[in-house]
Every structure is written in C-alpha cells, then in structure tokens.
Protein chains: 2
Amino acid sequence: MSLKHALLGILHYGPMTGYELKQFFDSSVQHFWNAELSQIYPTLKQMEELGYVDKRVEVQENRPNRKIYEITAGGRAEFARWVREPMPPAALRDPFLIKIFFGSELPIDDMLILLRRQQEEEQKLLAFSEIVLSARIDHAHKEHHDIAGAATFWRLTLEMAIAHRRAYIAWCDAAMHALESMRDESSAAGEASGGE
Amino acid sequence: MSLKHALLGILHYGPMTGYELKQFFDSSVQHFWNAELSQIYPTLKQMEELGYVDKRVEVQENRPNRKIYEITAGGRAEFARWVREPMPPAALRDPFLIKIFFGSELPIDDMLILLRRQQEEEQKLLAFSEIVLSARIDHAHKEHHDIAGAATFWRLTLEMAIAHRRAYIAWCDAAMHALESMRDESSAAGEASGGE
DNA sequence: CATCTCATGTAATCAGTTACATGATTTC
DNA sequence: GAAATCATGTAACTGATTACATGAGATG
C-alpha cells in the first residue's frame, strides 16, 4: 500500500492529525494521488501498531480529541527503504480506452462526440493543473522560502500531470482527425446512399 | 465496474469461454486493461444473472466443461448505453510520483538513480507497445481484413499508450536535467566542502 | 436558516490480486 | 521429467469508495 508511505512522507514536514493529513492531500498531491478520511484513519492506526508513528492526544471539548501523529525513527527508515525500492511503472488503466477499442460497434459520429467531450474534460483538468496548482506551489515556495528545495520536486510532479494531460488532449485531436477521414472516405465510397 | 463492459465488448466478436476471454485480454487490450480469470469467471456468472449473456455448456471429457457465453440483445443494449454515458477522465494514480514529491528527503544522486531506472522501465514498455503490439494489430488487420474498421480503433488505443509512455520518458529526462542543475548549483555554492 | 469547518470514526460494498485446488494432454 | 495449455472455479486478502453516525461552532 502506497498510502502508508505517502502519509509517512507528509509527516516528514511535521506532526499532524488525520484531518490535517487529508487537507494536505487535497491541497498538494491530488493531481496524482487521493485518499479519503475513512481510509486515512484506519491506516494511521495500523502505522502506529507498526511503530512508524507515535500518537499524542490533545483533549478537546465539544469535539473529538485531536490525535496528533509524529513520524518515528522506524517510520523514517521504512520510508527511506520504500523510496529506494524499485517498483514497476504504473499500469495505464483507462476505461475510456475500452470505449475507443470497441468503437467499430458505434456510428463514427457518436465516437466523435465521445472524444470531443473527453477532450474537454481533460482540458479542464489541464487548466486546473496549469493555473491553480502552479500558483499554489509558487505560494508555498515564498511562504516557506523552500527549505531543502521541496518546491522543485513538487513542481516536477505537477509537470508530469501536465505532460500527461497534454498528451491525452493531443491524442484526442489525432483520434478525431483519423475518424473524420475514415468517415469521409466511406461516405465517398458509398455515395449512392448519400444526400439529405 | 468496467470489466463487465469490456467483456460485453469482446463478446461482440463472437461467443467465447471465460478462458478465451482472458486470452483476448492478454493479446489485445493489456496495454490499458487487464483481468485475471479469478475475476472473469464470477463476473460472467453475474452477467448471466443480469441477462447480458446466454450460456451454453459444451461437455468435455478429462477436463472441465466449456461454458460458452454469447451476448444477448440486453447485453448489446447495456453496452451501447455504457459507451455513450459520460465518464470522468481516469485519475492519474502513480506511486512513483509520491517518491518524487518527497524527493527533498533524499540525496539528489539517489533521486537520479530512481529516475533513471524508472525511465528504463518505461522504455521497455514503450518498445513493447511499438514493436510487438503494433505488429499484432497489423497481423489481425490482414487476417480478418478489418471488418468494420476495428483495427483503426485498436490502433488508436495503442497510440494513446505509446503517447503516454513517450511523455513519461521525456518527463524523466527533464526531471533528471533539473536535478542535475540543482545539484551543480548547490555544489558550486558550498565549494569549501568540495575537493576529492 | 443553511452550509462549511473541525474531528473522529465504523460498516458495507466494490474491484482487484494472490493463493489454493484439480487434472489430463501436449510440448520441450 | 518439467512446463505449458486447456478449463474450471473458490477463498482470502488488499485497497479504495460510499454511506452512515455524531455534533459543536463559525460563517454567510
């Protein structure tokens, strides 16, 4: 499970509660990873059992006590081991490509609609990465004046996300062009059934 | 679950057993989807209950009976509905980027090793897509002389996989260059500790 | 008066992987 | 003699999502 190691990574920046860890996810790595609170809480418990983190409870009134987790030496060691460990590249697992693969079962115009819409969605994600997220990194950069060059690495992950979205968008374009010429060729061949 | 729909898609090409469906996966869509037999068998059972497929049993000696599944009108309708249904773009979910994100916790040279190895793995996958798979599509194209233009769509999915791998490889290059200049800058600044 | 923030969790379900189980036939 | 092919499954486990549960205080 990479979630354990993502949490350990974040805890390098300082002790945090589960709730704060979730906020960190949402504001920094959501372009390539995500986790729900309902997954984070049990995972933290597990990590405590494994000795990767220490827990300190801050008693509160009117709301659940804050449980602040801090990375241990064991946690740091495990993180360092995991980072260096080789891993197979992430598989491309995209249900949209299933739709394309069986595209010959549908009219070409329907496939073009599909591609156009998917491209628009990708464009939204790209714009989000390019504008919102890069601004966020700049901000973090200035606020903490980039201790240990973390911002460089944050930016690299963003650039991968951006490269991926751009490649997808370009592919949608190429695919639509290919289908358009396919359609035009077949309509030129079967001209008899054409007209209004 | 997209597996149901992937199986329905394949069954458009003709009736098949679970075993044959698995072979189809391995020889055609494995660059963007995969499924184990242990997942396929129960899913086919479910699809039969839903009325998406009909089952015919072919009795065999010395080995389990072949259960041949054929898509029904209901299955075709469900597939057609699903294909046209909008879906959010697949999330980028890449544990390698977690490693990069926390790269400031490691020596830069270790990060360079990591990137180099990952790039090599991506290159292997790219070569596989470019050579083996495209040859496979050409072959399928000639064998069945491309009824209904299926090969065009097969090729499109392959091209997406290739575009993705190329973008990843290019990004690894850029990342390594960025880290190298980062390292060179910091060694130029802290020259006192330099030497041997 | 409604929604968002803070702060914790559990339970159910879904999707997918790995391990286990069987066993004849063919290929190297 | 070992491994791959054919052909079916079940069971256990992992990882992740969705729904459910609680409830004060702040913001709009």
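By convention in this document, chain letters (A, B, ...) are assigned in the order of the sequence lines, proteins followed by strands, and residues within each chain are numbered from 1. As the structure is a prediction and not an experimental result, all values here were calculated from the model. Just so it is clear, the values below take in all heavy atoms, side chains as well, and ignore hydrogens, waters and symmetry mates.
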| note | Looking only at heavy atoms, the pair that brings A:I71 and A:L11 closest together is CG2-O, 3.8 Å
| said: Can you tell me which residue among B:K67, B:R66, B:R63 is in a salt bridge (Lys or Arg N to Asp or Glu O under 4.0 Å) with B:E58? | reply: B:R66
| Hey, do the aromatic rings of B:H12 and A:F102 have their centres closer than 6.0 Å? | no
| task | Would you classify A:Q60 as touching base, sugar-phosphate or nothing, given that sugar-phosphate means primed atoms plus P, OP1 and OP2, and contacts are heavy atoms under 4.0 Å? | result | sugar-phosphate
| message | Quick test of your reading of the model: are B:R117 and B:E120 salt-bridged, counting only N-O distances below 4.0 Å? | response | no
| request: Let me know, please, whether A:P64 or B:R66 comes out on the 5' side of the other along DNA chain D by nearest nucleotide. | output: B:R66
| query | Tell me, which of residues 22-40 of chain B have any heavy atom that sits under 4.0 Å from an atom in DNA chain C? | reply | B:W33, B:E36, B:S38, B:Q39
| message | Expressed as a whole number of angstroms, how long is the span from A:H5:NE2 to D:dT14:P? | response | 15 Å
| said: The side chain of B:L3 is closest to which nucleotide in this list: C:dG16, D:dA24, D:dC6? | reply: C:dG16
| remark: A:D54 meets the side-chain hydrogen bond (donor to acceptor under 3.5 Å, both in side chains) criterion, sequence neighbours left out, with none
| field | Atom of B:G18, atom of B:Y41 and distance for their closest heavy-atom approach | value | CA-CE2, 4.0 Å
| message | Taking only side-chain N and O atoms of A:Y41, does any of them lie within less than 4.0 angstrom of OP1 or OP2 on C:dG9? | response | no
| query | Has A:K4 got a side-chain N or O lying under 4.0 Å from the OP1 or OP2 atom of D:dG15? | reply | no
| query | Is there a donor-acceptor contact under 3.5 Å from the side chain of A:E20 to the main chain of A:T17? | reply | yes
| query | Which whole-number value in Å describes the distance from B:N65 CG to C:dG23 P? | reply | 15 Å
| field | A:E48 with A:K45: basic N within carboxylate O range, under 4.0 Å | value | no
| task | Starting at atom OH of A:Y19, determine the distance to atom C1' of D:dG25, rounded to an integer number of angstrom. | result | 12 Å
| message | Whole angstroms only, please: what is the CG-P distance between A:L44 and D:dG15? | response | 15 Å
| Looking at the side chain of B:R63, which of C:dA24, D:dA24, C:dG16 is the nearest nucleotide? | C:dA24
| said: Any residue in residues 88-102 of chain A with a heavy atom nearer than 4.0 angstrom to DNA chain C? Just list them by number, or reply none. | reply: A:R93
| task | Please state whether the phosphate of D:dG25, meaning OP1 or OP2, lies under 4.0 angstrom from any side-chain nitrogen or oxygen of A:N62. | result | yes
| said: Centre-to-centre under 6.0 Å for A:Y13 and A:F24, is that the case here? | reply: yes
| query | Over how many whole Å does the gap from B:M1 atom CE to D:dT18 atom P extend? | reply | 15 Å
| task | Return the value, rounded to whole Å, for the distance between atom CD of A:E58 and atom C1' of C:dT8. | result | 14 Å
| remark: To the nearest angstrom, the CE-C1' distance between B:M16 and D:dC6 comes to 16 Å
